[in-house]
Each structure stands twice: as C-alpha cells, then as structure tokens.
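Here's the structure, in structure tokens; my notes come after.
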Amino acid sequence: MKPEASVPSNFIRQVIQADLESGRYEGRVVTRFPPEPNGYLHIGHAKSICLNFGFAEEFGGTCHLRFDDTNPLKENVSYVDSIKEDVKWLGFDWDVHLYFASDYFDRFYDYAIDLIKTGKAYVDSLTPEEIRSYRGTLTEPGKESPYRHRTVEENLELFQKMAAGKFDEGECVLRAKIDMAAPNIIMRDPTLYRIRKRPHHRTGDKWCIYPMYDFAHCLSDSIERITHSICTLEFENNRELYDWILDTLDIYHPRQIEFARLNLSYTILSKRKLIELVEGGYVDGWNDPRMPTISGFRRRGYTPEAIRNFCERIGVAKRDSMVDLALLEHCIREDLNKRAPRFMGVLRPLKVVIENYPADKVETLEAINNPEDQSMGTRNIPFSREFYIEKDDFMETPPKKFFRLAPGREVRLRYAYFITCTDFIKDEQGEVVELRCTYDPQTRGGDSPDGRKVKSTLHWVSATHAIDAEVRLYNDLFTVEEPVSAEDFKAVLNKDSLEILHGAKLEPALADLEIGKQCQFERLGYFCKDVKYSTSDHSVFNRIVTLRDQWAKVKKQQGANERK
RNA sequence: UGAGGGUUGGUCUAGUGGCAAGACGACGGGUUCUGGCCCCGUUAACACAGGUUCGAAUCCUGUACCCUCAGCCA
C-alpha cells in the first residue's frame, strides 16, 4: 500500500529510504514488533505496531511478531495470547513470522561462550550491591571488579556451572568486559546473563540462566536479519551496547532507530501502572472500557480503523510530546459517523403524553438508518400517545439559547410530529415527572405544510414499545491532563469515570443489534452493545464517545458567566 | 557536575539555504428533521543570543530549558 499523498514524511521513513537507495540491506526491509509478554498492549504499543507493520508493508518487506520473553519472573502465556489477539484485531498479519526470543536461548548461550573465549565477557562473583557500588555514578567512573581478570578457562567453567545450576540466584552473573570508566554507564561492563531458578513458560526447566534485554534483543534482531530495529527513546543510550555486541561478535548488524513514545492526555500509558489499576481493582480488568489498552478500546467500541488512523495522524518524531485525547475521539467519531447505524434511545426518560392523540393508536414511521450512507436503508419506528424524551430536553424556565422544549414551545419529534408543551407535572420534590403536549397532525413525518420552523428536533421512544437497557457512560479515567506527573496517580483517578444508567429506554429495533456492534444514539453519541455484560434479554450499552455538543459548550459558558 | 537525545501556533506533525504548511482544538458564520455530519472564515509558532549568507526554522558558535541512563527489568 502506498502512503497517502497527505501523509507527511517522517525521519524513520527517510532513514529507510536512504538505506534502500544506498543498498545497505540489499533492498530488504524487515522490521519487528517485540513485546514482552508481561502485560496487555495499550495504545502506545499500537503506535509501535502501526509503525513497524506499516513500514514493512509500505516498502514490500516483512514484519515479525517476536516475544521478548527473557524474564520468567514476569511473563506468562496468557499475555502472549492477548498480545496476538490484539495485533490481529488491529489488522496486522505476521504471517509465518512469529518468533520467541526463548527459541534462541541455545544460540545466545553459544554467543556468550564466543564472547568469553575472546576475552570479552567474564563471570563476576560480586554481590548485586557490590556491582552497583562498583559501577560509579553519572559523573564518576566505576572501578573494576576483582573478578574481571579471571582466565578464559575459568570463565568458561564458571559460566557452564551457572547454566548447570551449580550456583544460587545472585551468586554470580556473566558480564561483558568493556570499560568501567565509560562515560555511558550502560557500557560499564553490563550484565549479560543472570541466574533465575524459575521455570520459563516455553522452555520449562531447561534453563536457570536467562539473558538480559541488551544481550537478547540485538542478537534476536541479528538472527532474524532485521534491517530496521525501531524502538522507543529510552533505549537510545543502549544503542552503543547493541552495536558493541554485534560488532564484537562480528555478526549481521541491523540499525536501531529510536522514536518518542506516545503520551496521551488524561490517560496513563505505563504497563506497571496499568497493572496496578487492574490488580488494585480500580477498574474492571484489562479490558475495562476506560482502560487505554487495545482490549479496553475494543470493548469500549473503538474500531481498529480509528486507532490506526489515529496512529497515522499523530506522526512520529523524537521529541517528547503529549497528544490531545480529543484527536483520538475525533478519529473514532469520524469513522463511526460513516458506518454506524442511527437509532433513538433515551438515557434519562421523561414521560410525555399527547393529549389530542388517540389512546389506542399506533403509527409506524420511517427513519433513515444513516444519512451519510443511503445504502444502509430505512427502518420503521412505532409512535403512540405516550413516549419518553430526554430529561435534558425540557426546561421549565429555559435560558437564552436553549432551543428545546419548554412550556408553550413547539419542537419536532424526529421523523414524527411537531408537538407543543401545554403543561407539566411535578412530584413532591418539585421535579418535573411528566409533560402534557398537543401535536399537529399536519406535521406527520416531521415537516409542516405551512412551512413554519421549529428550533430543535428531539429524539424519543414510544413508551409501550420501548425496550429497557442499562447504559454505561464513560468519562476520562483521570482528572488531570498528565496523571504520571501527579505524586500518586491513583489519587487523581476520576470518581465519575463510570456512570451506570439503569432505566434507559430504547427503540425496539435495538433489540436485534448484535453484541459488540456499534451504533449511534441520535443526538447523544456512539454506543456499542457490551460484550461482557449483555445477554439475550438484558442489553448493556457502552458509550464509546459523545457526539460533538454545541449546547454543552454554551451551557458551560453560561455557567461560567454566572459564577463571575 | 558525565554521556546520549530534544526544543516550529493551545496540541501533534511537515518543512532539510528561497512565500513557515497540514491536522486536532478554540472562536465566528453558513447549512441542516441529529445543537451531529458537511462547508466557509478567524485565531495562533520557528527557545534565546551571536555568526556565515543576497537570503537561515534549516548551516556554524554559544546560552537556556526539557527528556533518558547509576536493575542481576524491558
């Protein structure tokens, strides 16, 4: 697929193009998405997935899905499964290129032996604390371990014993012999292997030594003949080591390119913190619709197209940035506007009785399924004397710019009639509980023959025909734009991030909407039938995103003025 | 105070020596049987200071500020 003319270039594409022109990798483009299976994928990973699979596709190359499973303490198969599902759902296909770093453990071991034999690695018996203090600081050089000058034979023997389980965890490690005074701390004899007497989810009990990221990653890239190893900025310092290992071993050498990870306003994109939300019970699992995980967005009702489009629009660069959540919302609205069928649903019902409409009469009215797409056709909606409208659509004493229903005012019921409010009934608490109206029979279908205008159109649902539903309204999970910079991110969780409405009234056609499918509730927003809690006789809808709302802005503005 | 990166409207991203562009947002208007969509318009940026040049966001020098690194995590 060729990039759209409107898609701006970026520095990674330029590097790839330059390599293609110079013939550096014989015209090949091979990328990889290398998740560690220790958590669920989030929208930040989606950016990386789109980049890696996107470039491969753009240049006729391939992209590998490779699990970076080098730490048995944190990883497990359930994460492997969820990651595969999420990548697939996003619309990408790794074809036969599914790999695991753990499949290379034998080769890693051989490379480690090579390093030892050439005097470039040694077994260190310092304690973890000693290693830390020997490392020096950012401004002071470190000092060499007393074990640094063990002979090749001794190192070989010790390393083999490590692998054979002769040492306890923490007793020794394999280190690269580079330079304890290196200005880049990463290069001060980095650890290559550590002892972990834990079974691995794929290799079982075969190994009790496991390679560190820096050792495993560059070797995996090299083994798979990756051309462009695209990763995030925090690995910039590690590139020197990536290059050192491959150069020292004198093996195939991909190019590492770093980009800035995604930050999204009002959300958190840190696996560790997301795990905390899940395990602390702050959310309803990894796929809670408020979570910025791929599975959370999926359950919420986002489409893969919207997320991919978002990833394209945010671009890619090296500077730290904070993308406005409004852009993501724009992307899903844009996609669903074209595709989602429209329905009428009343979230907070207010009963209306048409006094001059026969009590036993029921009419069938025709409604358009999607004004953006005539091919989606029409459907029938029942209309009768009693129906529900949105509580928000009536005000006893309307402020300026409120165009909806009020005493004495005429509005249109979508696809139905013009009605005029003649009276309203309040309960003991003074809350309006019922409206009495009259209708104009001449306006059937929503147009008046005399050409008179109304200032607004309301959605409605016939009382006797309505189906009941539970509707879940989601708001930002956090109250501040940058939750990570809060002293405790859990303290800035939005208490109103989920609002559950039990008495919603929906038009009957919604009973047939497939679970998991998106639709628009006219004038309110996009919703989808929740896959977790919906059953055949109990509908639960998730609000994906509201429609843009001019009135909400005006109301907010008016509120602000009053407070002044 | 070491090393590696970075700095273009409110936000994100182009621009690679020759008119600072696009998207989102905000604001205003048009249209409308969704206060939606769509359309039109407005707003608003090259961190700073020098230098090179006919000409600098772009090249050079310096300064400021921001990010990353002292895991046997990735």
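So that the names make sense, note that chain A is the first sequence line, chain B the second, and so on, each numbered from 1.
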N-O pairing of [X] and [Y] below 4.0 Å:
X: D549(A); Y: R523(A); result: no
X: R308(A); Y: E312(A); result: no
X: D440(A); Y: R452(A); result: yes
X: R404(A); Y: E390(A); result: no
X: R339(A); Y: D335(A); result: yes

Between [N] atom [atom2] and [X] atom [atom1], what is the distance in whole Å?
X: N337(A); N: rC39(B); atom1: CG; atom2: C1'; value: 14 Å
X: I381(A); N: rU34(B); atom1: CD1; atom2: C1'; value: 12 Å
X: F259(A); N: rC12(B); atom1: CZ; atom2: C1'; value: 15 Å
X: I257(A); N: rG6(B); atom1: CD1; atom2: P; value: 14 Å
X: L327(A); N: rG25(B); atom1: CG; atom2: C1'; value: 10 Å
X: E236(A); N: rG5(B); atom1: CD; atom2: P; value: 6 Å
X: R313(A); N: rG25(B); atom1: CZ; atom2: P; value: 9 Å
X: D320(A); N: rC65(B); atom1: CG; atom2: C1'; value: 13 Å

Below 4.0 Å: OP1/OP2 of [N] and any side-chain N or O of [X]:
X: R319(A); N: rU8(B); result: yes
X: R333(A); N: rC37(B); result: no
X: Q14(A); N: rG15(B); result: yes
X: H330(A); N: rC24(B); result: yes
X: K318(A); N: rU68(B); result: no
X: R404(A); N: rG35(B); result: no

**Message:** Would you call the rings of H200(A) and Y210(A) parallel, tilted or perpendicular, taking 30° and 60° as the class edges?
**Reply:**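 Parallel.
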**Item:** Parallel, tilted or perpendicular: rings of Y417(A) and Y439(A) (30°, 60°)
**Value:**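 Rings of Y439(A) and Y417(A): perpendicular, over 60°.
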With heavy atoms under 4.0 Å as the rule, sort [X] into base, sugar-phosphate or nothing.
X: Y415(A); answer: base
X: S9(A); answer: sugar-phosphate
X: K553(A); answer: sugar-phosphate
X: R414(A); answer: base
X: L138(A); answer: base
X: P371(A); answer: base
X: E372(A); answer: base
X: V454(A); answer: nothing
X: F310(A); answer: nothing
X: D549(A); answer: sugar-phosphate
X: L233(A); answer: nothing
X: E329(A); answer: nothing

Select one nucleotide: of [options], the one nearest the side-chain heavy atoms of [X].
X: T139(A); options: rC12(B), rU1(B), rG10(B); value: rU1(B)
X: N237(A); options: rA14(B), rC67(B), rA3(B); value: rA3(B)
X: R239(A); options: rU1(B), rG5(B), rC12(B); value: rG5(B)
X: Q550(A); options: rG2(B), rG35(B), rC12(B); value: rG35(B)

**Interatomic distance at C1', rA45(B) relative to rA14(B), whole Å** =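 Straight-line distance between the two C1' atoms is 13 Å.
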**Request:** Please list, by residue number, the residues of residues 338-350 of chain A whose heavy atoms come closer than 4.0 Å to an atom of RNA chain B; answer none if no residue qualifies.
**Result:**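 RNA chain B contact set from residues 338-350 of chain A: R342(A).
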**Prompt:** Looking only at heavy atoms, what is the nearest atom pair of I389(A) and L405(A), with distance?
**Reply:**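 In terms of heavy atoms, the two residues are closest at CD1-CD2, 4.2 Å.
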**RNA chain B: 5'-proximal contact among E481(A) and E140(A) (nearest heavy atom)** =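 Nearest nucleotide further toward 5': that of E140(A).
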**Request:** Fill in the dot-bracket string of RNA chain B, one character per base: . for unpaired, | for a pair to another strand, ( ) or [ ] for pairs within the strand, taking Watson-Crick or G-U pairs under 3.5 Å.
**Result:** .((((((..((((....[..))))((((((.......))))))...(((((..]....))))))))))).....
Identify the pairs formed between an N or O of the protein and an N or O of nucleotides 72-74 of chain B at a distance under 3.5 Å, and give each distance.
from    : atom 1 : to      : atom 2 : distance (Å)
rC72(B) : OP1    : R135(A) : NH2    : 3.4
rC72(B) : OP2    : R135(A) : NH1    : 3.2
rC72(B) : O3'    : R196(A) : NH2    : 3.4
rC72(B) : O2'    : R196(A) : NH2    : 3.2
rC72(B) : N4     : L126(A) : O      : 3.3
rC72(B) : N4     : P128(A) : N      : 3.4
rC72(B) : N4     : G170(A) : O      : 2.9
rC73(B) : OP1    : R196(A) : NH2    : 2.9
rC73(B) : OP2    : R194(A) : NE     : 2.9
rC73(B) : OP2    : R194(A) : NH2    : 2.9
rC73(B) : OP2    : R196(A) : NH2    : 3.2
rC73(B) : O3'    : R194(A) : NH2    : 3.0
rC73(B) : O2'    : N71(A)  : ND2    : 3.2
rC73(B) : O2'    : K74(A)  : NZ     : 3.1
rA74(B) : OP1    : T70(A)  : OG1    : 2.7
rA74(B) : OP1    : R194(A) : NH2    : 2.9
rA74(B) : OP2    : Y213(A) : N      : 2.9
rA74(B) : O3'    : D68(A)  : OD2    : 3.2

**is_close_aromatic(F478(A), Y266(A)), centroid dist under 6.0 Å** =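 F478(A) vs Y266(A): aromatic centres not under 6.0 Å.
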**Ring center gap for F159(A) and Y109(A) short of 6.0 angstrom** =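 Yes, they do, as the ring centres are separated by less than 6.0 Å.
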**Message:** Is the terminal nitrogen or CZ of R202(A) (NZ for Lys, CZ for Arg) located under 6.0 angstrom from the six-membered ring centre of F100(A) and within 45° of that ring's axis?
**Reply:**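 Yes, a cation-pi geometry.
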**Request:** Mark yes or no for a side-chain to base donor-acceptor pair under 3.5 Å between Q520(A) and rU34(B), with no hydrogen or angle criteria applied.
**Result:**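 Flag set: donor-acceptor pair detected.
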**Prompt:** Tell me, which pairs form a salt bridge (charged side-chain N to carboxylate O under 4.0 Å, His left out) where one or both residues lie in residues 177-189 of chain A, sequence neighbours left out?
**Reply:**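 Those involving residues 177-189 of chain A are R148(A)-D189(A).
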**Prompt:** Taking atom NZ of K197(A) as the centre, does the number of heavy atoms from other residues, nucleotides or ligands within less than 6.0 Å exceed 12?
**Reply:**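 Result for NZ/K197(A): enclosed.
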**Request:** Could I get the full list of side-chain hydrogen bond (donor to acceptor under 3.5 Å, both in side chains) partners for T443(A), not counting sequence neighbours?
**Result:**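 Partners of T443(A) by the side-chain hydrogen bond (donor to acceptor under 3.5 Å, both in side chains) criterion come out as none, since no residue qualifies.
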**Item:** Sequence-distant partners of R319(A), side-chain hydrogen bond (donor to acceptor under 3.5 Å, both in side chains), two or more places apart
**Value:**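 So R319(A) forms no side-chain hydrogen bond (donor to acceptor under 3.5 Å, both in side chains) with any residue.
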**Assigned glycosidic conformation for rG71(B) [threshold 90° from 0]** =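 rG71(B): syn.
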